[in-house]
**Q** 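Please find one structure pasted underneath; my questions will follow.
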Amino acid sequence: MSKITKITRRGFLKGSAGITASSLLLGISVPGSNAVASETGKALAPSAFISIEESGIIVLVIPHQEMGQGSMTGLIQILADELEAEWKNIRYFQAPGHPDYGDQRTVGSFSIKMRYTPFRQAGAAAKEMLIAAAAKIWDVPVAELAAKEGAVYHEKSGKGIAYGRLVNVARSLPVPKNPKLKKREDFNYIGKRIMSVDSADIVQGSAVYGMDVEVPGMLHASLERSPTLTGKILSYDKQNALAVKGVVDVVEIQGNGWMTNNAVAVLASNNWAAIKGRKALNAQWESESESLESDKAYRIQLRELADKAGKVERSEGSFEIARKNAEQVISSSYYSPYLAHAPLEPMVATASVNGDSAELWVPTQDPQFDTIAVAGQLGHEPEKAFEKVKVNTTLVGGAFGRKGVPDYCMEAVEVSKAIKKPVKVTWTREDEIRHGFYRPASMQKYEAALDKYGYPTGIKATSVFHTILSTYVPGAVDPIPAEMGMGLVEMPYRIDNVQIESHGIKSDVRIGFLRSVCHTFHGWSLNNFIDEVAHAANVNPVEFRLSLLGPSRELIYHNWDEYNPAAAYLNYPFKTGRLSNVIQVAAEQGAWGQKMPEGHALGFAAHKSFNSYVAMVMDVSIDRGSVKVHKVTAAVDVGTVVNPSYVKAQVEGGIVFGLTAALYGSITVENGEVQQSNFNDYPVLRINEMPRVDITLIDSDEIPTGIGEPGVPPVAPALCNGIFNLTGKRIYELPVSKHKFI
Amino acid sequence: MAKSLRINGRQYEIDADDDTPILWALRDIVGLKGSKFGCGMGLCGACTVHLDGEPIRSCITPISAAMGKGHAIITIEGLSGEGSLAVQQAWMEEHVPQCGYCQAGQIMSAAALLRRNKKPSDADIDEAMKGNICRCGTYQRIRTAIHRAAEILEGA
Ligand code: FES
Ligand code: FES
């Protein structure tokens, strides 16, 4: 497959490689709806569009961001397939933040899921218009024509005409209301192993990330932030910083007390000088009251709350009666710590403020939110935001949820405002680890009532954590249904008496979305507990799960879907049969039940998240006191697979991310300050710890669902269940590295 | 006083303190942004370049270590020769990059490995590559791609 090229916005608007007055333009006016609008002439403002040049070049505008999850390539495959475009003639353009593109968030594993049908319709509509144009030119019936690789053919006469030559006529034709979509067996890009569109640039070092942005006249800034959320500066040595070669200015920045901290910014001609100048500041911060959060006390508080009656999130039958009548009752609590994202590209933002307007260049998961947040800072209502602020997007060097929050954009805007110049604010790794929006620390307590056959007649779960809603609504504390839904309230097991409760607990660090969100702790604790119950019942944990799932059913828990924009047009019930299926396939492929070599054991877990189903078998051993993972066998059902290579890549990456969290991940807080700083005390998995990963994709006709996140949740429980099978020791607190094994 | 650095076969005069890490000289002064910043402490390998043929962490190596006669820096932008091209080709064939941010450093380390070891085992690869973090988790494909690059070179 040949390389296709990304074009810059400038190139795009100038029409050098993009829109010219004579191109055929198609926009999808409302993402997720079937409405397709045709426009001719200069660039319009559609949400996603296809532009076909007279030269035959096809420009696709992609509203989502590429951050390693491969959806840029997947979305292009989807558009190009129905369009019957020739791969080498495709150019693509990553859209800046604008409401016309529909929901541009690159979150919740939903880019492919949300755009699949509308993008196919857009591609198909454009193709039908080109075919109709050929029919008109040749005066033959449409039915006798077919499109293939960028041209329309008339088989009878053997004639063919390239798309570019049809543009002029096609522009004046009506847009088909219900374009016919291709049959699965006719796909030529969807389902194929196609190299990601950025790869060639990446391996040559020419891909442009947020870190690589350069705008004329810009200064570099490094910010010394208050170690706690609202800490105030006591003193700093401005002259000492200014004495560093390259440093040109030092300014104080006010935090907004919620998303951003108070800070002192050192400005310099290069980032090293800014960092060096920042050290020379010798900044001292007012020590805050002793009452701020500390790790030990917080854990005790979590545990106490988990033991108390909480807000009821789901209640069926009576767990209390089930418990009274039980032959056996099992109870366990599970603690998961805070986690930081640590994308390899730390936070970075370039901003240029001009009066009451601003332009930014950022690696972001949510350019629209950034725009609105920055506009608010400059005193504009959201309605005015997109007139006053423009957020340009770059390739994203990893994000995992961290780059969906606008704090780093807002800081850069504050600095640019203060110095009246464009500025690039580059975070050090220490800044990124210490000033994150963390996966909340949490506790889940479970109780199960078993009958005399060992079958659970009742289950109770209480989950305690600080809501991620607090990212957007200052002061919010209690978990919301969307969070409780993830992996817990939507529990799919056939148990008559179910009681699920929640508690909020305030934390003194910022809380945020981290890859797989609440599925990480709910998926871990529930899968562990089910394993415990299976052992108590003396049943093979795989068999046990299958019997709890029973015959295939479709369950609908709105708790998560309400917050999931992709669900606005498509409903995704929990299909328990799909979970059972991945459980069976993983167990078979991973040879569950086989006799393991001395010192090895297998662990099992299965979880549905973001509408995709994943099961894993993990082969573990203990090597000189620490846990070693040898092999992970996964079965994955994401519905229709758009690009098998990158679906697998996301599962491989999800396993690494999950193992990093389970083995090492722990952010601790003392008196409101984060204790970790860099990869020395916040380690991540390295290549010498990489297990062999073997993935089976389930072939399916279902609509494609996401895979950026679903690979993560089964990892920690499969690991911990394996450790139990090996050592008899249950892990009730993560990370695993805190435990001693002999 | 300006300092002289040889980078990718060209001479550059740089006006910066001696302790300026090569990484920041490359990125912000010379304007070669292929080498990435990931940790600033020699822990992640995103900044790996070759100094006199050896892979180094440019975030903790000051320009003073590379100044003057006899020293030469090669960055991802200046990689050339069969071995390097084989690595880049293998990286594309095996679909290694996810976000890609670590990959310049990975490729620099891999190219150096293949130069001294034409047929590395998995263990050799792990040893040579464990200083390079990939937060996206592309390790399995990096192993495969290094084997593939060795194969390409053998056939060449
Ligand atoms: S940036 Fe140099 S090793 Fe991480
Ligand atoms: S590909 Fe993203 S860090 Fe390696």
Side-chain angles (χ1 to χ4, degrees), chain A residues 66-70 193 195-196 198-209 211-212 214 220 244-246 269-273 275-276 342-346 395-400 426 428-429 645-646 649-650 652-657 660 678-680 684-688 690 692-693, chain B residues 15-17 19-21 23-25 27-29 31-41 43-44 46 75-79 87-89 91-104 106-107 123 125-143:
Chain A
E66 181 55 53
M67 51 194 196
Q69 82 286 28
R193 181 187 188 276
M195 183 177 85
S196 99
D198 298 303
S199 284
D201 290 341
I202 287 169
V203 302
Q204 285 159 18
S206 59
V208 177
Y209 297 86
M211 187 61 79
D212 307 327
E214 181 108 37
H220 294 264
V244 172
K245 185 179 169 91
S269 58
N270 66 75
N271 192 47
W272 169 248
I275 292 172
K276 206 174 162 190
L344 204 58
E345 175 192 47
L395 200 54
V396 185
F400 314 115
T426 301
T428 61
R429 176 60 56 198
S645 179
Y646 291 103
Q650 282 308 296
E652 291 161 25
I655 288 168
V656 173
F657 198 90
T660 292
N678 206 317
F679 294 122
N680 54 341
V684 300
L685 207 78
R686 292 175 182 272
I687 195 168
N688 55 315
M690 179 71 198
R692 212 171 97 216
V693 172
Chain B
D15 182 23
D17 284 342
D19 65 351
T20 305
L23 176 67
W24 295 112
R27 293 184 53 84
D28 291 351
I29 301 172
L32 290 171
K33 293 185 161 57
S35 312
K36 299 295 190 250
F37 168 68
C39 71
M41 278 182 69
L43 297 167
C44 77
T75 72
I76 185 81
E77 292 94 337
L79 261 191
V87 173
Q88 286 165 320
Q89 184 192 330
W91 244 243
M92 290 193 281
E93 281 179 13
E94 298 300 329
H95 293 185
V96 175
Q98 286 187 28
C99 83
Y101 193 78
C102 71
Q103 298 298 344
Q106 306 279 5
I107 288 170
I125 292 171
D126 286 1
E127 190 51 38
M129 303 296 294
K130 71 180 183 202
N132 287 82
I133 287 174
C134 175
R135 182 62 164 142
C136 297
T138 61
Y139 300 129
Q140 174 153 304
R141 294 185 188 207
I142 288 174
R143 278 189 200 138

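So that the names make sense, note that chain A is the first sequence line, chain B the second, and so on, each numbered from 1. In what follows, every heavy atom counts, from backbone to side chain, and hydrogens, waters and symmetry copies are set aside.
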**Q** What part of A/E214 gets within 4.5 angstrom of chain B, counting heavy atoms only: side chain, backbone, both, or neither?
**A**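 For A/E214, side-chain heavy atoms alone lie under 4.5 Å from chain B.
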**Q** Whether the side chain of A/N270 engages the backbone of B/D28 through a donor-acceptor N/O pair (distance < 3.5 Å, no angle test) should be reported.
**A**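 Judged by distance alone, no pair lies under 3.5 Å.
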**Q** Please flag which part of B/L79 lies under 4.5 Å from any non-hydrogen atom of chain A: side chain, backbone, both or neither.
**A**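 Interface part for B/L79: neither.
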**Q** Roughly how far apart are A/T426 OG1 and B/R27 CZ, rounded to 0.5 Å?
**A**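 Between atom OG1 of A/T426 and atom CZ of B/R27 there are 7.5 Å.
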**Q** Report the relative orientation of the aromatic rings in B/H95 and A/Y646; use parallel for angles under 30°, tilted for 30 to 60°, perpendicular for over 60°.
**A**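 Correct class here is parallel.
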**Q** Under a 4.5 Å heavy-atom cut-off, does chain B meet the side chain of A/Y209, its backbone, both or neither?
**A**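 Interface part for A/Y209: side chain.
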**Q** Kindly determine whether B/L43 and A/R429 satisfy side-chain contact (heavy atoms from CB on, under 4.5 Å), including the steps that lead there.
**A** CA-CA 11 Å; B/L43 297 167; A/R429 176 60 56 198; over 6 Å; no
**Q** Between B/K36 and A/E345, is there a salt bridge with N-O shorter than 4.0 Å?
**A**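 Salt bridge: no.
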**Q** Just checking, any donor-acceptor pair under 3.5 angstrom between side chains of B/R141 and A/S645?
**A**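 A donor-acceptor contact under 3.5 Å links the two side chains.
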**Q** What are the two closest heavy atoms between A/V203 and B/P97, and how far apart are they?
**A**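 Answer, listing the atom of A/V203 first, then B/P97: CG1-CG, 4.3 Å.
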**Q** When you measure from the centre of the six-membered ring of B/Y139, is the NZ or CZ of A/R686 under 6.0 Å away and within 45° of the axis?
**A**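 Negative - A/R686 is either too far from the ring of B/Y139 or too far off its axis.
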**Q** Does a side-chain heavy-atom distance below 4.5 Å link B/R143 with A/I687?
**A**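 They are in contact (side-chain heavy atoms under 4.5 Å apart), so the answer is yes.
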**Q** Using a distance-only test with no angle check, is there a side-chain donor-acceptor pair under 3.5 angstrom linking B/Q98 and A/Q650?
**A**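 A pair is found: one side chain offers a donor N or O, the other an acceptor, under 3.5 Å apart.
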**Q** So which heavy atom on A/G397 is nearest to which on B/Y101, and how close?
**A**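 Taking A/G397 first and B/Y101 second, the nearest heavy atoms are CA-CB, 3.8 Å.
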**Q** Enter the distance from B/Q103:CD to A/L344:CG here, rounded to the nearest 0.5 Å.
**A**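 Here the interatomic distance stands at 9.5 Å.
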**Q** How far does OG of A/S196 sit from CE of B/M92, to the nearest 0.5 angstrom?
**A**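 Separation between the atoms: 10.5 Å.
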**Q** Please step through side-chain contact (heavy atoms from CB on, under 4.5 Å) for the pair B/R135 and A/T660, ending with a clear verdict.
**A** CA-CA 9 Å; B/R135 182 62 164 142; A/T660 292; 3.5 Å; yes
**Q** Show the nearest heavy-atom pair for residues B/G38 and A/F679, with the distance to one decimal.
**A**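 Of all heavy-atom pairs spanning B/G38 and A/F679, the closest is O-CE1, 3.8 Å.
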**Q** With a 4.5 angstrom heavy-atom cut-off, could you sort out which part of B/E127 is near chain A: side chain, backbone, both or neither?
**A**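 Neither part; nothing is under 4.5 Å.
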**Q** Tell me, side chain or backbone of A/M211 under 4.5 Å from chain B's heavy atoms, or both, or neither?
**A**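 Both parts, backbone and side chain.
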**Q** Is there a side-chain contact between A/Q204 and B/Q88, using heavy atoms and a 4.5 Å cut-off?
**A**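 Yes, side chains in contact.
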**Q** With the side chain counted from C-beta on, respond yes when A/S199 and B/W91 share a heavy-atom pair under 4.5 Å apart, and no when they do not.
**A**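 A side-chain contact is absent here, since even the closest heavy-atom pair is not under 4.5 Å.
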**Q** Determine, stepwise, if the pair A/W272 / B/D19 fulfils side-chain contact (heavy atoms from CB on, under 4.5 Å).
**A** CA-CA 10 Å; A/W272 169 248; B/D19 65 351; 3.8 Å; yes
**Q** If you measure from CE on A/M690 to CD on B/Q140, what distance do you get to the nearest 0.5 Å?
**A**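 Those atoms lie 5.0 Å apart.
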**Q** Between A/V693 and chain B, with a heavy-atom cut-off of 4.5 Å, which part of the residue counts as in contact: side chain, backbone, both or neither?
**A**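 Both the backbone and the side chain of A/V693 come within 4.5 Å of chain B.
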**Q** Please rank A/A273, A/P346, A/S269 by heavy-atom pairs under 4.5 Å with chain B and give me the top one.
**A**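 Maximum pair count with chain B is reached by A/P346.
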**Q** Working to the nearest 0.5 Å, report the span between CG of A/N680 and SG of B/C39.
**A**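 So the gap between those two atoms works out to 9.0 Å.
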**Q** Within this structure, what is the CG-CD1 distance for the pair A/N688 and B/I125, rounded to the nearest 0.5 Å?
**A**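 One finds 12.5 Å between CG of A/N688 and CD1 of B/I125.
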**Q** B/C136 and A/F400: side-chain contact (heavy atoms from CB on, under 4.5 Å), yes or no, with the steps?
**A** CA-CA 9 Å; B/C136 297; A/F400 314 115; 4.1 Å; yes
**Q** For chain A, which of B/T75, B/T138, B/D126 has the most heavy-atom pairs under 4.5 Å?
**A**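 Between B/T75, B/T138, B/D126, the count favours B/D126.
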**Q** Please state whether the side chain, the backbone, both or neither of A/A649 comes within less than 4.5 Å of a heavy atom of chain B.
**A**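 Both backbone and side chain.
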**Q** List the atom of B/M41, the atom of A/N678, and the distance in Å for their closest heavy-atom pair.
**A**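 Shortest heavy-atom contact: SD-ND2, 3.2 Å.
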